[in-house]
Amino acid sequence: MLKVKPDLQYVLRKLQALRKEKSRDAARSRRGKENFEFYELAKMLPLPGAITSQLDKASIIRLTISYLKMRDFANQGDPPWNLRVEGPPPNTSVKAIGSQRRRSPSAVAAEIFEPHLGSHILQSLDGFIFALNKEGRFLYISETVSIYLGLSQVELTGSSVFDYVHPGDHVEMAEQLGMKLPPGRGLLSQGGGAEDGASSASSSSHSETPEPVESNSPSLLSPDNILERSFFIRMKSTLTKRGVHIKSSGYKVIHITGRLRIRMALTHSRSVPNQIMGMVVVAHALPPPTINEVRIDCQMFVTRVNMDLNIIYCENR
């Protein structure tokens with residue numbers, strides 16, 4: 001049996017320690033480079049620096065993917081949102097071009113105001129705006145959603161709308177998006193009431209995500225009246241009546257009005273079905289019902305009607 005001298009054992013231990021130290025240094029350097037790349041990627045997101053500096057890696061990737069998909073959603077949709085006319089229009093005389101360069105004070109003021117126009121519109125709007133892709137994921141949602149639902153823009157962007165819609169309204173949401181649910185999904189969703197919906201909304205939507213319909217479906221035909229959307233759903237909210245955040249989430253009734261966005265087609269033939277890219281909507285939160293705060297006397301009775309004004313409940317008296 002070969003005996004190793006003590007000084008040789010010491011050398012071997014030192015070599016092993018050096019290898020481990022080099023491995024740790026390489027891993028540390030790799031993590032540093034990776035963190036730097038994520039930091040640079042986060043700075044490119046169209047968000048304030050105070051927000052991007054607090055994002056974790058998964059959120060940075062999720063927001064980046066949503067932003068890239070939103071660019072495709074804007075560029076490839078009909079009409080495209082990115083077309084800007086550069087330079088003077090064709091057949092414009094030199095004299096007309098010179099008069100355009102001498103802008104009036106009102107034109108200069110409008111140019112200064114225009115970069116902030118979107119923010120001013122959002123602040124004046126009694127609601128929030130969001131865009132969904134055909135799978136039902138938020139491509140964009142305005143930061144004003146926190147005022148009405150208590151949820152953050154960063155949290156929602158890239159997430160599925162079905163994670164925040166009441167299970168009983170999943171069928172309605174899917175139909176408005178032109179999607180189909182797995183067999184039995186609609187019955188399960190409609191079976192849940194508003195009371196137990198808060199605990200099961202996230203888990204049920206994560207387990208089975210609705211599937212988009214096929215592109216040759218008759219529901220994708222092109223008349224404009226089919227593209228318009230107006231419906232009511234219940235969305236998750238972490239606000240109480242006084243606007244204070246709470247740990248357990250409830251639901252608010254949201255009125256959704258908007259339009260399906262279709263992919264820009266090379267031909268305008270009516271026989272060719274349009275491909276739905278998603279939906280762009282304005283959401284208005286309805287005020288909570290206050291019927292429980294009304295004092296009922298002996299000459300009054302309670303009745304309940306649905307959205308079609310059909311009586312669905314009436315007291316015996």
Side-chain angles (χ1 to χ4, degrees), residues 37-77 80-82 115-123 125 127-166 169-170 173-174 176-177 179 201-206 209-210 212 229 233-239 245 249 251-252 254 256-261 263 276-285:
E37 296 298 336
F38 272 102
Y39 175 73
E40 291 295 315
L41 183 61
K43 288 197 302 184
M44 298 177 67
L45 292 172
L47 293 171
I51 295 178
T52 56
S53 61
Q54 303 297 324
L55 296 175
D56 56 12
K57 295 178 182 178
S59 298
I60 293 173
I61 293 297
R62 172 171 52 84
L63 293 172
T64 303
I65 293 174
S66 299
Y67 177 64
L68 294 175
K69 288 184 176 180
M70 185 63 194
R71 286 172 60 94
D72 180 71
F73 187 80
N75 298 342
Q76 303 299 326
W81 294 340
N82 67 331
H116 308 283
L117 180 61
S119 176
H120 294 319
I121 292 176
L122 289 176
Q123 294 300 326
L125 182 66
F128 55 96
I129 298 173
F130 62 86
L132 302 174
N133 66 2
K134 61 181 181 181
E135 288 85 19
R137 292 194 173 273
F138 290 103
L139 297 178
Y140 168 80
I141 187 165
S142 61
E143 62 271 16
T144 49
V145 66
S146 60
I147 301 174
Y148 302 96
L149 298 181
L151 304 172
S152 70
Q153 180 188 41
V154 173
E155 174 190 355
L156 290 168
T157 304
S159 303
S160 173
V161 68
F162 295 96
D163 294 344
Y164 299 93
V165 172
H166 190 278
D169 296 332
H170 282 187
M173 189 73 232
Q176 297 293 339
L177 267 172
M179 303 169 68
S202 179
S203 60
S204 63
S205 57
H206 276 300
T209 303
R229 291 293 183 263
I233 57 173
R234 290 161 288 180
M235 293 191 70
K236 191 177 293 186
S237 171
T238 59
L239 296 178
H245 287 266
S249 60
Y251 288 90
K252 270 190 174 182
I254 306 295
I256 305 289
T257 55
R259 197 171 191 271
L260 292 177
R261 184 161 174 81
R263 186 174 294 276
I276 293 177
M277 297 186 67
M279 180 189 299
V280 182
V281 300
V282 179
H284 299 275

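The structure displayed is predicted, hence computed values, not measured ones. Values reported hereafter were calculated over all heavy atoms of this structure, with side chains retained and with hydrogens, waters and symmetry mates removed.
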pair Leu132-Phe138: side-chain heavy atoms closer than 4.5 Å
yes

Say you draw a straight line from CD1 of Ile147 to CG of Leu239; how long is it, rounded to the nearest 0.5 Å?
10.0 Å

Test item: Tyr39 and Ile60 side chains (from C-beta on) under 4.5 Å apart, heavy atoms
no

So salt bridge (Lys or Arg N to Asp or Glu O under 4.0 Å) across residues 55-67, not counting sequence neighbours, yields Glu34-Lys57

For Thr157 and Leu63, indicate whether the former's side chain and the latter's backbone hold a donor-acceptor pair under 3.5 Å.
no

Output for pair (Lys236 NZ, Leu151 CG), nearest 0.5 Å, gives 8.0 Å

Minimum heavy-atom distance between Ser142 and Phe128, given as atom pair plus value:
OG-CB, 3.3 Å

side-chain contact (heavy atoms from CB on, under 4.5 Å), that's the test. Do Ile233 and His166 meet it? Break it down for me.
CA-CA 8 Å; Ile233 57 173; His166 190 278; over 6 Å; no

Sorted by first residue and then second, give each salt bridge (Lys or Arg N to Asp or Glu O under 4.0 Å) pair with at least one member in residues 40-49; sequence neighbours left out.
Glu40-Lys43

Minimal non-hydrogen separation, Ile51 against Leu47, with atom names
CG2-CD1, 4.5 Å

Shortest non-hydrogen pair, Gln54 vs Ala50, comes out as CG-O, 3.4 Å

Do any N or O atoms from the side chain of Thr52 and from the backbone of Gly49 form a donor-acceptor pair under 3.5 angstrom?
yes

So how far is it from Arg229 CZ to Leu177 CG, rounded to the nearest 0.5 Å?
8.5 Å

Sub-4.5 Å side-chain heavy-atom contact between Arg71 and Tyr67:
yes

What is the minimum heavy-atom distance between Pro80 and Arg261, and which atoms define it?
CA-NH2, 3.7 Å

For a 4.5 angstrom cut-off between non-hydrogen side-chain atoms, does Met277 reach Asp72?
yes

ring-ring contact (aromatic ring centres under 6.0 Å, His included) partners of Tyr148, counting only residues at least two apart
none

From His284 atom NE2 to Ile254 atom CD1, the distance as rounded to the nearest 0.5 Å
10.0 Å

Ignoring hydrogens, what is the shortest heavy-atom contact between Tyr164 and Glu155? Give both atom names and the distance.
OH-OE2, 3.3 Å

Rounded distance (nearest 0.5 Å) linking atom NZ of Lys134 with atom CE of Met279
14.5 Å

Over all atoms of both residues, closest heavy-atom pair of Gly136 and Phe162:
CA-CE1, 4.5 Å

Determine whether Leu45 and Leu55 make a side-chain contact, defined as any pair of heavy atoms from C-beta on separated by less than 4.5 Å.
yes

Roughly how far, to the nearest 0.5 Å, is the CD1 atom of Ile256 from the CZ atom of Phe130?
4.0 Å

